[in-house]
Amino acid sequence: MRPALRLFNTASLSVEEFKADGTVGMYCCGPTVYNYQHIGNMRTYIFEDILRRALKAAGFKVNHVVNITDVGHLTDDADSGDDKMEKGAEREGKTVWDIAQKYTNTFMQNIDALNIEHPEAFPRATDHIPEMIAMVQTLIDKGFTYTTDDGIYFDTAKFPDYVKFARLDPEQLMAGARIDMGEKHSNTDFALWKFSPKDKKRAMEWDSPWGVGFPGWHIECSAMSLKYLSQPLDIHCGGADHIRIHHTNEIAQVEAATGKKFCRHWLHGEWLVMEKGEKMSKSKGLFVTLDVLKKEGINPLAYRLYCFSAHYRSPLKFSWTGIESAAQSYASLKKQVASSAAKTDSDLSSTRIDEVLTAFWAAVNDDLNMPRALAAIWDMLKDGSITADEKRAALKIADTILALDLLKVEAADSVTEKISSGGSKVVFTGSKEFSDEHVTRVLSIVDARKAAKLEKNWAESDRLRDELVAMGVIAKDMKDGSTECVLK
RNA sequence: GGCGACAUAGCCAAGUGGUAAGGCCACGGUCUGCAAAACCGUUAUUCCCCAGUUCAAAUCUGGGUGUCGCCUCCA
């Protein structure tokens, strides 16, 4: 018996049993494609992927939508702010459209590398300008807006429930305001449509009933979520930063426009933080991408495992020693699976598998507690009362959530086999690439060491191994007489 | 300035009233000429500090210290 799926809801600040009729409509805030997504962004998508997989495991169908934000929002709320897409284009000497395509592509590559399932829809903001204009028009018609010199604004004073979701105190927000109010009536009012500057043509702008301009920063998610999902949405996710501004504004504009509840269940992922606890952020230039990880020889799935070490609602500290320990953990997990599991798939009763995975499902369904779920997997692997067949079958099921390719045998392409001139078999492993001459030198040292070992000249063979270490090579003597060289 | 979160072993962390999960590292053992790998085992009388509630507190309350986040685009 698996327990019912329980999930934290930001709206109630408590863990609730999740219920839905059949299909779950789920909207997750996606990337703005003006630059690389860093691994902190990826942490949120991994959390949402676990949510998606847990929903499916609990028997729900999922209709999952993730937006691609390819409209340039401003870097700040004042007129002086630059458009991020335009800045990206300027930086790389390309058009904004090229920039959007480039970073959409790398985003897709990244999520694929992390075994993140694709949602049912990936709508792009620029394909939905008419829907956004229609929603703004509705809000205008219903009297929730006012117009200033630079745009059409949502009047939060007309929506008394505005403060409810994030439990805001408008007076206090006012007191802390650091931004230029411009002509806004209230600090919490936000733009629905911005007019293009009169003296400058923007790279991305559209005609509207109110003049040439571009959509405000919150309208796209609202317009697109309502186009692809039925209201109220069952689930809406995003990063923790979205609670106070983005999601609060979304609720206001949607509920004002439709008169109906926007979304039932909200989940927010916490930050990946740097060693001092500061969040990884693009604007601070403090970030690591998946490609950087890969260059350092870290398997993306080791990063996925790293994300499971903390609960999604807790900040997770990132460090290089941390990611290396995750890589180590990932390697040893796969080795355990390979060595302890039987070679063939077996048909075991699902009751028995669920029994073996009791602790695992209890953890997953308890608000996606992946640290506990992983602990359950380690405990299961060490449990002598569970057979190898059962372990393998259980891991296959657990991997529908973990998606760590636990049963997949690694392709041997990172392993190179060479025969030295002395006839020794040398197997090269490891992530670093070495030049041909470097490899040749390693081979000759391996030969020399082998000769020394045959003469039982241990001092010489140890010296030669040290020499290899100095070159960044760890030599292991294998049972079959070959030498494995790990390049570091 | 306002609001909020967090503080658990060397590191990453789970645990929200019943006597400290798990991973990595380290250490010991088996194996090895020695190593490496693998396997087995060990590692927090204690959860930032002080006071309180309770039969019982890492978990609740009050105070203090520290770190971070949000209030501006942001996962």
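Letters go in sequence order (proteins before strands), and every chain restarts at 1.
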Can you check nucleotides 14-18 of chain B for protein contacts, nitrogen or oxygen pairs under 3.5 Å, and list what you find?
{"from": "B:rA14", "atom 1": "OP1", "to": "A:His311", "atom 2": "N", "distance (Å)": "3.2"}
{"from": "B:rA14", "atom 1": "OP1", "to": "A:Ser314", "atom 2": "OG", "distance (Å)": "3.2"}
{"from": "B:rA14", "atom 1": "O3'", "to": "A:Asn369", "atom 2": "ND2", "distance (Å)": "3.3"}
{"from": "B:rG15", "atom 1": "OP1", "to": "A:Asn369", "atom 2": "ND2", "distance (Å)": "2.9"}

Give me the distance, rounded to whole Å, that separates [N] from [M] when you measure between the [atom1] atoms they each carry.
N: B:rC11; M: B:rA7; atom1: P; value: 15 Å
N: B:rC74; M: B:rG69; atom1: C1'; value: 13 Å
N: B:rG23; M: B:rG63; atom1: C1'; value: 37 Å
N: B:rG17; M: B:rU59; atom1: C1'; value: 7 Å
N: B:rU19; M: B:rA56; atom1: P; value: 15 Å
N: B:rG18; M: B:rC71; atom1: C1'; value: 41 Å
N: B:rC60; M: B:rG15; atom1: C1'; value: 16 Å
N: B:rA26; M: B:rU67; atom1: P; value: 31 Å

[X]: what forms a side chain to side chain contact (heavy atoms under 4.5 Å, CB included) with it, not counting sequence neighbours?
X: A:Ser329; result: A:Leu305, A:Trp378
X: A:Leu13; result: A:Phe8, A:Arg167
X: A:Arg2; result: A:Ala57, A:Asp354, A:Trp361, A:Asn365, A:Ile397
X: A:Cys221; result: A:Tyr27, A:Cys29, A:Asn67, A:His246, A:Glu250

Exercise: identify the closest heavy-atom pair between A:Lys418 and A:Val439
CE-CG1, 4.1 Å

Residues A:Ala373 and A:Val364: closest non-hydrogen pair is CB-CG2, 3.9 Å

Nearest-Å distance, [atom1] ([X]) to [atom2] ([N])?
X: A:Trp378; N: B:rC40; atom1: CH2; atom2: P; answer: 11 Å
X: A:Met380; N: B:rG22; atom1: CE; atom2: C1'; answer: 14 Å
X: A:His246; N: B:rC70; atom1: NE2; atom2: P; answer: 16 Å
X: A:Glu250; N: B:rC74; atom1: CD; atom2: P; answer: 11 Å
X: A:Leu381; N: B:rG23; atom1: CG; atom2: P; answer: 10 Å
X: A:Phe8; N: B:rA5; atom1: CZ; atom2: P; answer: 10 Å
X: A:Leu168; N: B:rG2; atom1: CG; atom2: P; answer: 17 Å
X: A:Lys279; N: B:rG4; atom1: NZ; atom2: P; answer: 19 Å

Which nucleotide sits closest to the side chain of [X]: [options]?
X: A:Asp379; options: B:rG23, B:rC12, B:rG22; value: B:rG22
X: A:Met280; options: B:rA75, B:rG23, B:rC71; value: B:rA75
X: A:Asn41; options: B:rA75, B:rC12, B:rC68; value: B:rA75
X: A:Leu316; options: B:rA13, B:rG23, B:rA75; value: B:rA13
X: A:Arg244; options: B:rC71, B:rG23, B:rA75; value: B:rC71

So what does [X] touch, heavy atoms closer than 4.0 Å: a base, only the sugar-phosphate, or nothing?
X: A:Glu484; value: nothing
X: A:Phe47; value: nothing
X: A:Ile243; value: nothing
X: A:His242; value: sugar-phosphate

If you pin A:Glu324 and A:Gln37 to their nearest nucleotides in RNA chain B, which one's is more 5'?
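It is A:Glu324 whose nearest nucleotide is closer to the 5' end.
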
For atom CD of A:Glu355, decide whether the heavy atoms of other residues, nucleotides or ligands shown that lie under 6.0 angstrom number more than 12.
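Atom CD in A:Glu355 is packed in, count exceeds 12.
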
Assign the ring pair A:Phe122 / A:His118 to parallel, tilted or perpendicular, where the plane angle (0 to 90°) is split at 30° and 60°.
perpendicular

Using a strict threshold of under 4.0 Å (side-chain N to carboxylate O), is an ion pair present between A:Lys102 and A:Glu92?
yes

Is A:Arg465 salt-bridged to A:Asp462, cutoff N-O under 4.0 Å?
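Between A:Asp462 and A:Arg465 there is a salt bridge, with a charged N closer than 4.0 Å to a carboxylate O.
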
Dot-bracket pairing map - RNA chain B, Watson-Crick plus G-U, both contacts under 3.5 Å, | cross-strand:
(((((((..(((.....[...))).(((((.......))))).....(((((..]....))))))))))))....

What residues, two or more places apart in sequence or in another chain, satisfy salt bridge (charged side-chain N to carboxylate O under 4.0 Å, His left out) together with A:Arg53?
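Testing A:Arg53 for salt bridge (charged side-chain N to carboxylate O under 4.0 Å, His left out), a comparison that skips the adjacent residues, returns A:Asp49, A:Glu117.
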
Just jot down the salt bridge (charged side-chain N to carboxylate O under 4.0 Å, His left out) partners of A:Arg441, sequence neighbours excluded, or say none.
none

Could you pull out the protein-nucleic contacts involving nucleotides 8-11 of chain B (nitrogen or oxygen on both sides, under 3.5 Å)?
none

Residues two or more places apart in sequence or in another chain: which of them pass side-chain hydrogen bond (donor to acceptor under 3.5 Å, both in side chains) with A:Asp466?
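In terms of side-chain hydrogen bond (donor to acceptor under 3.5 Å, both in side chains), with neighbours along the sequence ignored, A:Asp466 is linked to no residue.
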
List, with names and distances, any nitrogen or oxygen atoms from the protein found under 3.5 Å away from nitrogen or oxygen atoms belonging to nucleotides 33-37 of chain B.
{"from": "B:rG33", "atom 1": "N1", "to": "A:Asp462", "atom 2": "OD1", "distance (Å)": "3.1"}
{"from": "B:rG33", "atom 1": "N2", "to": "A:Asp462", "atom 2": "OD1", "distance (Å)": "3.3"}
{"from": "B:rG33", "atom 1": "N2", "to": "A:Asp462", "atom 2": "OD2", "distance (Å)": "2.8"}
{"from": "B:rC34", "atom 1": "O2", "to": "A:Asp462", "atom 2": "OD1", "distance (Å)": "3.4"}
{"from": "B:rC34", "atom 1": "O2", "to": "A:Arg465", "atom 2": "NH2", "distance (Å)": "2.4"}
{"from": "B:rC34", "atom 1": "N3", "to": "A:Arg465", "atom 2": "NH1", "distance (Å)": "3.2"}
{"from": "B:rC34", "atom 1": "N3", "to": "A:Arg465", "atom 2": "NH2", "distance (Å)": "3.4"}
{"from": "B:rC34", "atom 1": "N4", "to": "A:Asp477", "atom 2": "OD2", "distance (Å)": "3.2"}
{"from": "B:rA35", "atom 1": "N6", "to": "A:Asp477", "atom 2": "O", "distance (Å)": "3.3"}
{"from": "B:rA35", "atom 1": "N1", "to": "A:Asp477", "atom 2": "N", "distance (Å)": "3.0"}
{"from": "B:rA35", "atom 1": "N3", "to": "A:Arg465", "atom 2": "NH1", "distance (Å)": "3.2"}

Any A:Ser332 side-chain nitrogen or oxygen under 4.0 Å from OP1 or OP2 of B:rG23:
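Answer no for this pair, as no side-chain N or O of A:Ser332 is under 4.0 Å from OP1 or OP2.
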
Tell me which pairs pass salt bridge (Lys or Arg N to Asp or Glu O under 4.0 Å) where either residue lies in residues 356-369 of chain A, with sequence neighbours left out.
A:Arg313-A:Asp367, A:Asp366-A:Arg372

Quick check on the 6.0 Å ring-centre criterion: do A:His247 and A:His218 meet it?
no

Step by step, work out the side chain to side chain contact (heavy atoms under 4.5 Å, CB included) result for A:Lys279 and A:Leu272.
CA-CA 6 Å; A:Lys279 79 174 195 183; A:Leu272 183 71; over 6 Å; no

